[in-house]
Amino acid sequence: MANQHREKLRGVRGVDDQLWTDFGDATARVDSDRSAEIRRFMEWYVRRDSAEHPRRPAPPEPPADAT
């Protein structure tokens with residue numbers, strides 16, 4: 001069917017909007033996306049072979065006008 005996703009849609013509950021936005025920004029800083037980093041964490045957490053713990057990105061740069 002044209003409107004069906006290729007992958008099953010999985011929901012994550014209990015994540016507030018600001019955390020979701022901050023996580024998206026952080027994954028973008030390492031040229032990744034939320035789904036890829038959640039998968040990497042889950043694979044590491046359940047000890048899948050060759051899984052590595054995801055690395056945290058550097059903190060965001062403070063705004064230029066923040067003094």
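Note that the coordinates shown come from a computational prediction; the quantities given were computed from them, not determined experimentally. The chain is numbered in sequence order, starting from 1.
- Linking Ile, Leu, Val, Met, Phe, Trp and Tyr whenever their side-chain heavy atoms come within less than 4.5 Å leaves Ile38 and Val30 in two separate clusters.
- Within the structure, no pair that satisfies the salt bridge (charged side-chain N to carboxylate O under 4.0 Å, His left out) test touches residues 12-34, not counting sequence neighbours.
- Residues Val12 and Phe41 fall into different hydrophobic clusters, defined by Ile, Leu, Val, Met, Phe, Trp and Tyr side chains chained together at heavy-atom separations under 4.5 Å.
- Within the structure, salt bridge (charged side-chain N to carboxylate O under 4.0 Å, His left out) contacts touching residues 35-54 (residues at least two apart or in different chains) are Glu37-Arg40.
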